[in-house]
Amino acid sequence: MHPAYSVIVFSTLSGAGYGLLALAALAGAAHGPASSFAFGALVLGVGLGLVTIGLLSSMLHLGHPERAWRAMSQWRSSWLSREGVMALATYVPAVVFGWLWLDPASSPMAIRIVGLLLALMCALTVVCTAMIYCSLATIRQWRQPLVLPVYLVMAVATGAALLLAIATPFGRGAAVLAIIAVVALLGAMVLKLCYWHAIDRAPRELTLAMATGLPEPVRQWELAHTARNFVMQEMGYHVGRRHARRLRRKVVALLAVAAILALPALSLGAGILAAIAAVLSAASALAGALIERWLFFAEAEHVSSLYYGTPRA
Amino acid sequence: MSEPQIDLSPKTWDRITTTTCYMCACRCGIKVYLDNGRVRYIEGNRDHPVNKGVLCAKGSAGIMQHNSPARLTEPLVRVGPRGAGEFRAIAWEEALATATQWLGAIRASDPRKLAFFTGRDQSQALTGWWASQFGTPNYAAHGGFCSVNMAAAGLYTFGGSFWEFGEADWRYAKYFLLFGVAEDHASNPIKAGLGRLKARGAKIVSINPVRTGYSAIADEWIGIRPGTDGLLVGALIHELLKAGQVDLDYLIRYTNAPWLVIMDEGAGDHGLIARFEGAPLVLDRRSGRPRLAADPQVKPALDGEAELPDGRRAVPAFRLLVERYLAEDYSPDSVAERCGVPASTIRRLAAELADVAFRQSIELDVPWRDVQGRRHAGMIGRPVAMHAMRGISAHSNGFHTCRTIHLLQLILGTVDVPGGFRYKPPFPKPPPPAVKPAGKPDEVAPLTPMPGPPLGFVTEPRDLLVDEAGRPCRIDKAYSWEAPFAAHGLMHTVIANAARGDPYPVEVLFLYMANMSWNSAMNVSGTIADLTARRADGEYQIPKIIYSDAFCSEMVAYADLVLPDTTYLERWDCISLLDRPISEADGPADAIRQPVVAPDRDVRPFQDVLLDLGHRLGLPGMTTPQGTPRYPGGYADYIVNHERAPGIGSLAGFRGPDGTKAGKGEPNPEQLERYIENGCHWYRELPAHMRYYRFANRDYLDWSVQFGFNARADGIVMQLYCEALQKFRLAAQGHGDVQPPAEHRARIARYFDPLPLWYPPFEEEAVDGASYPLHAITQRPMAMYHSWGSQNAWLRQIIGRNWLYMSTDRARELGLADGDWVRVRSSHGEIVVPLKTMTGVNRDTVWTWNAVGKRSGSWNLVEDAPESRQGFLLNHLIADLLPEREGGFRYANCDPVTGQAAWYDLRVSIERVAPETATLPQFASLGLPPGTEPRPPVLDGCP
Amino acid sequence: MTSLPDTTAPGQVKLGLVIDLDTCVGCQACAVACKEWNTQGYPAPLTDEDPYGADPIGVWLNRVHGYESGEGQAARTVHFPRSCLHCENAACVTVCPTGASYKRRSDGIVLVDPDTCIGCKLCSWACPYGAREYDYRAGVMKKCTLCVDRIYNDHLEAEDRQPACVRACPTGARHFGDLGDRDSAVSRLVSERAGDDLLPELGYRPVNKYLPPRTTSAGPPPEPPRALPPIGQGDGSLVESFFAWVDRALGA
Ligand SMILES: Nc1nc2c(c(=O)[nH]1)N[C@H]1C(S)=C(S)[C@@H](COP(=O)(O)OP(=O)(O)OC[C@H]3O[C@@H](n4cnc5c(=O)[nH]c(N)nc54)[C@H](O)[C@@H]3O)O[C@H]1N2
Ligand SMILES: Nc1nc2c(c(=O)[nH]1)N[C@H]1C(S)=C(S)[C@@H](COP(=O)(O)OP(=O)(O)OC[C@H]3O[C@@H](n4cnc5c(=O)[nH]c(N)nc54)[C@H](O)[C@@H]3O)O[C@H]1N2
Ligand code: SF4
Ligand code: SF4
Ligand code: SF4
Ligand code: SF4
Ligand code: SF4
Ligand SMILES: [Mo]
């Protein structure tokens, strides 16, 4: 699949944003109001900002962004619509949560209730995003049980790395948070490795012969058109195997580096070094996530590319 | 939520009108939907006899041709050197005055100095007549480089032909043999016919080195090695003869198989038909004596030896034929390797043919009478149909190979019978039609029309257009000893001959609708050099070139005066029975084109311009005695009012004062209106008893005389044995008063064999097989018409570049793979092109789609268009002349009988080269003529 | 209307195409006729960018591929037209977030509403058959409409109320009709010729069917003779024994 930057940026940033919001919400649920207004505001600002930039970026992908509102209408059948609905709906608990969380006078119970709701909705939004992809029967690499967990864990991992990066400079060395970040980052890494292993191992079961109903072997002789077209461009994108391997190693390395850079927060508390490390960890995690998402598209092989000469899909 | 409401009955047009498609020469009927005077949609006309409603890709893309930014917009005169594409726009008056001045001068001194060649002309009845009126013999259209072998072989054999002059009996055929056809002129009818065969479960066998298109849907594909069909068919004939699977009655009744051939080696009439007062003789089986072939009481023998009244020996022609084909040379085992077809396959094919022809024969319950007065209770059909085209004819052995196929048809008795091959009226005609070419030295004089048409059919050396010394009279050397049966002329030799002044220089080269500096040239760069060659005094060797095109093709840059034509939707045209007809086998048809939109540029229909020029030059047929134009209403006026012979004009329908006559009748001033009311065509279905056996069908032949198709109703005897060929051979052997010059004798003697024969294509003989191990051929892409398609925004997306295809196995053996770039070398030149492999191709053959490659800058495409950067032509590899012979003489790369260009004789070698970014050769980019519209960057509205 | 209509009801009309791969010669007539009608029809325009340039790209609703299938004697070249199959289980419809993609309840035609499509392209991802083409300039998805603006069009003569591609196809390889009706001409064709679904394993249940190339001709000769027996074994040459046969045949 053609890795469209708008969609990659969208899913990476909104994933990180929802991860961040969800963790903040859980922190609120556990500890009550934010420790400082500035900290809380920054967390919420970054979280909502990422989510919003992501959504705006996804609108760039549309041919008719001015009609985007229509995308809310088909939540009964469409995961994309559900995602839109959830994304918008999540603003409500996010704002209420922010209102409560930033106010030291808020009732912890209220924060807890709204926080849990927010976390749940963040998770559901990410689930919707993942479902857009893994519900498609047309792409072997997406119709994969690991896609959903990867999306969720990546969201938590990038969100946690971001939260850590914000918390540490504020002198809030939170060991628990660092542990969550490290575990999530490593978890994402492991899941991703499993995912790659799975897609590499899963046979390409569909052949051009099946796509055409003709006796094996079937090979493309003439292109339908010698000029380019949308399907070739969108579904026919092919990333070189070696290039993909190299990028996979980068993702693993970046996630590993992110995890390692999160460790100082665990051991050194909230020192300046830990803060720098945490910021770098977040950057590394986001970079890893971006590449991971790029690969998620670039490695995806669409069934329809069979008609354009791919031997198996 | 409910479904959106959509308008299920939109009406996007305000008017629907009819006309005839000219996106190719098939000439289907179309309905044009117009909205506010703009063409909105084109579809096939269901009532039209040719296409019956269907429409091909090109036809549907007509809108984009009509709106092409490559259209010429105004007359042009050259200002820079030839080929630089520098022009000045001029007014029509200046253009016509210039042409009149150039042409007037030579008409008054030596009309031969005009060479008028009209390419893909559909108004040859007009242009040929115009040339005759002008007084020049130097006229032809594209047939000589196209498929004249096919036309001539058929017309000399049975007075009809494949090509578009006849068709398979799609209704009844059970077995269909298709030789060397990718597309052909009857584009839609063949496709529709194949569909009908499929629907009935008939077997289709395609003999073709490449398995695409029609061959792809064949039940059996025979991937023959190019140039060997004559052997394959000869072997089929061998097998059929050997097994006695021959329609003897048919041969005796309808062919000259029983005619007696004089056997008197060394005499001036050896090998000619034995005649009594001009009438052919046969050997009567009862009396054992020679008798008139036409005598219905006689029982002609197919074997035996007759003693002629003068005591000489004569044998039935059939005997000679059987001797040739039963020889071991034609046994399946002898030909198998050469053809690349297993002997067992050949044997099986022969068995299948015999099985269908004789054991699955059919009989229509339609009584009919033959010319000898015999009544037949029904029409017997041998349901084996055949069709062949350029894969057969575009070889230097094409004429004889076509004749061999006709021979196969005749021994199976499958010509114009139910289930076989069928004539389309006005065919059959006498083999050959009784028109002789004019243009002998005494027939050409200043200010005088020639006494006849420039093209026709020679039957003896005396008919040739040669001077006392045997030198050609025509610039293209048609009807000379180099190409005696050149029924369509040799357009492919004109430029080279004119540039060399061989046989004489010309002053004006007047071309219409032929992209002669590119895809229709053999030896493209040589042709370009010839077009720009200068004499010592700096003048061009071809001093003046006038060209009419509708688009900025590669040829425009080489013209001195450009006469811009309209598109096909903007003019009157006439698809006449006097020209290449569009008839159905079931009856004659003709059609018109009417202007459905007015031109929005300063262009004029070429036919109007030609009539105008004719009047300005004072050509008698186009000028009244008072000096006014005879056809002031232009071509439309001519179509209606011109009479070729009394009562016979361009259109056969709606003649007579009240429009009720057909065929012959006085001109009808309302004829065009009638045609328009009838959907721009006319069709007369023949009654059932006149639809088959028309060579001998009393009622049909009588009708054909009344209708004006034939002069006499005597019946047409099909010529297995072609006496005309023998007459030329005799001349070469030193008999008669017109004999070939010494250097041509051996060649004439060899190839003017009265029986079909096979010989290796000339290039195969001339070049070393080890150095050039592969054959290289082209095929027509179905969605492109020669060079015109690439300016079409839709068609060029389908095929905007080409690859060289070769067999996967052969490529592997040569260490080549898909995507490689290769250098392809012939004895003449080389090209560098991208390669693709496929399984469906003969292992000794490489091929590509024809005419996809374009010269950079032409057709108003961007300079680095894929057509010029990745597209290519094979033409750069094809020599226009055969290798030098003794005395430095070189024959054109042609069939020795007809002069047909031997495109598919090409032999090449192939080797891998480093990947290139563009194919080679590349030529300097052509500039755009003034007035061309800018290319739209996007098409996103209704066209 | 992203939810799919229930098409299991008996008598449900399922309009679609039946494409005969045994007859298609790959002429592209259907592709161009489709382009021509639809660029001025319901989904108009079908944009072409850079139409005369180095890299043209245009929207087409029907494309004809060329494949080679099988090996050795059984090898064939197959021309393969491909357009929307109007699937019964059309995921392209259910994934659409706006309802612009829908399947008509009355006849099963799958359409895109050009006025509400946001151009998210998800439907094209959901289509295994590559049948949807995005119009980059118009910003909406385009697809085969089964010529919904022809087949019911009162302004056209009855015989012309068929899809443009079917109307144009010179070989008659394309058939249009109601595949929901088991007695319709198209349904009969499908059962006689063992028409099949493309990629049935994906469960989209296409309405359009493809008739596979016949392996052997249905027609004569039923038992192909392998070679012809020569006539009489006369002691003379082939020529003489041939003429001896001629004499016998003509009854001397
Ligand atoms: N390698 C190779 N070369 C071949 C062949 C092959 O098989 N292989 N085939 C040969 C054969 S059979 C043929 S017939 C030739 C065909 O070759 P050409 O006869 O050159 O045919 P076109 O390329 O169609 O060019 C005809 C010209 O007519 C112009 N034209 C189109 N419409 C109109 C119009 O309405 N009015 C006017 N005035 N001009 C118009 C076009 O712009 C174009 O310049 O090619 C030959 N060349
Ligand atoms: N779409 C489209 N239609 C056209 C044209 C066009 O340009 N485009 N051009 C028109 C013109 S001008 C013409 S002349 C006709 C020509 O119509 P065709 O005769 O169909 O023309 P070609 O494409 O030259 O096809 C020649 C076929 O013969 C095969 N062949 C080559 N050599 C041999 C051989 O030695 N033996 C056998 N058995 N087969 C061989 C080739 O593989 C090819 O399939 O088409 C007309 N129709
Ligand atoms: S075959 Fe096609 S291009 Fe040729 S006349 Fe017919 S519709 Fe037009
Ligand atoms: S129009 Fe018919 S024959 Fe031509 S490509 Fe389409 S389906 Fe095949
Ligand atoms: S073919 Fe593709 S676009 Fe058409 S209905 Fe099926 S899934 Fe949808
Ligand atoms: S591109 Fe249009 S039709 Fe397709 S899913 Fe998006 S909104 Fe629906
Ligand atoms: S049914 Fe209409 S829209 Fe669909 S492929 Fe055919 S012509 Fe195109
Ligand atoms: Mo031709």
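As the structure is a computational prediction, the values presented were derived from the model and not from experiment. Proteins come first, then strands; the chains are lettered A, B, ... in the order of their sequence lines, and each starts at number 1.
Heavy atoms of C/R76 lying under 4.5 Å from chain B belong to its backbone as well as its side chain. Residue contact with chain B, scored on non-hydrogen atoms closer than 4.5 Å, involves the side chain of C/D113 exclusively. With a 4.5 Å cut-off on non-hydrogen atoms, B/P936 touches chain C through its backbone and its side chain both. For B/I252, the part lying near chain C is the side chain, with the backbone staying farther off; criterion is any non-hydrogen pair under 4.5 Å. Only the backbone of B/S344 comes within less than 4.5 Å of a heavy atom in chain C; its side chain stays farther off.
A search for side-chain contact (heavy atoms from CB on, under 4.5 Å) contacts involving B/Q5 returns nothing, not counting sequence neighbours. Here B/R196 pairs with nothing under the side chain to side chain donor-acceptor pair (under 3.5 Å) rule; sequence neighbours left out.
Counting heavy-atom pairs closer than 4.5 Å to chain B, the top-ranked of the candidates C/A44, C/G26, C/G58 is C/G58. Counting heavy-atom pairs closer than 4.5 Å to chain B, the top residue among C/R104, C/E157, C/E49 is C/R104. Here C/V25 is the residue among C/V239, C/D154, C/V25, C/D160 with the most heavy-atom pairs under 4.5 Å with chain B.
For residues 50-57 of chain C, the interface with chain B (any heavy-atom pair closer than 4.5 Å) comprises C/D50, C/P51, C/Y52, C/G53, C/A54, C/P56, C/I57, sorted by residue number. For residues 28-36 of chain C, the interface with chain B (any heavy-atom pair closer than 4.5 Å) comprises C/Q28, C/A29, C/V32, C/A33, C/K35, C/E36, sorted by residue number.
Looking at B/Q791 and B/N860, their side chains never bring a donor and an acceptor atom within 3.5 Å of each other. At a cut-off of 3.5 Å, with distance as the only test, no side-chain donor of B/W859 or B/E867 sits close to an acceptor on the other residue.
Seen from the ring of B/W221, B/R211 counts as a face-on cation partner, given the 6.0 Å and 45° thresholds.
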B/I204/B/K198 under side chain to side chain contact (heavy atoms under 4.5 Å, CB included): CA gap, chis, key distance, verdict | CA-CA 8 Å; B/I204 301 172; B/K198 281 280 178 182; 4.0 Å; yes
Using the rule given for side-chain hydrogen bond (donor to acceptor under 3.5 Å, both in side chains), can you reason through B/Y175 versus B/E352, listing the C-alpha separation, both sets of side-chain angles and the distance that settles it, and then say yes or no?
CA-CA 9 Å; B/Y175 198 94; B/E352 290 180 8; 2.6 Å; yes
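Between B/E220 and B/K203 there is a salt bridge, with a side-chain nitrogen of the basic residue lying less than 4.0 Å from a carboxylate oxygen of the acidic one. Between C/R150 and C/E159 there is no salt bridge, since no side-chain N of the basic residue sits under 4.0 Å from a carboxylate O of the acidic one.
Taking the six-membered ring where the residue is Trp, C/W37 and B/Y41 present perpendicular rings, their angle passing 60° and hence far from 30°. The aromatic rings of C/Y134 and C/Y136 lie perpendicular to each other, with more than 60° between the two planes, well past the 30° mark.
Separating the CH2 atom in C/W245 from the CG atom in C/L250 is a distance of 7.5 Å, to the nearest 0.5 Å.
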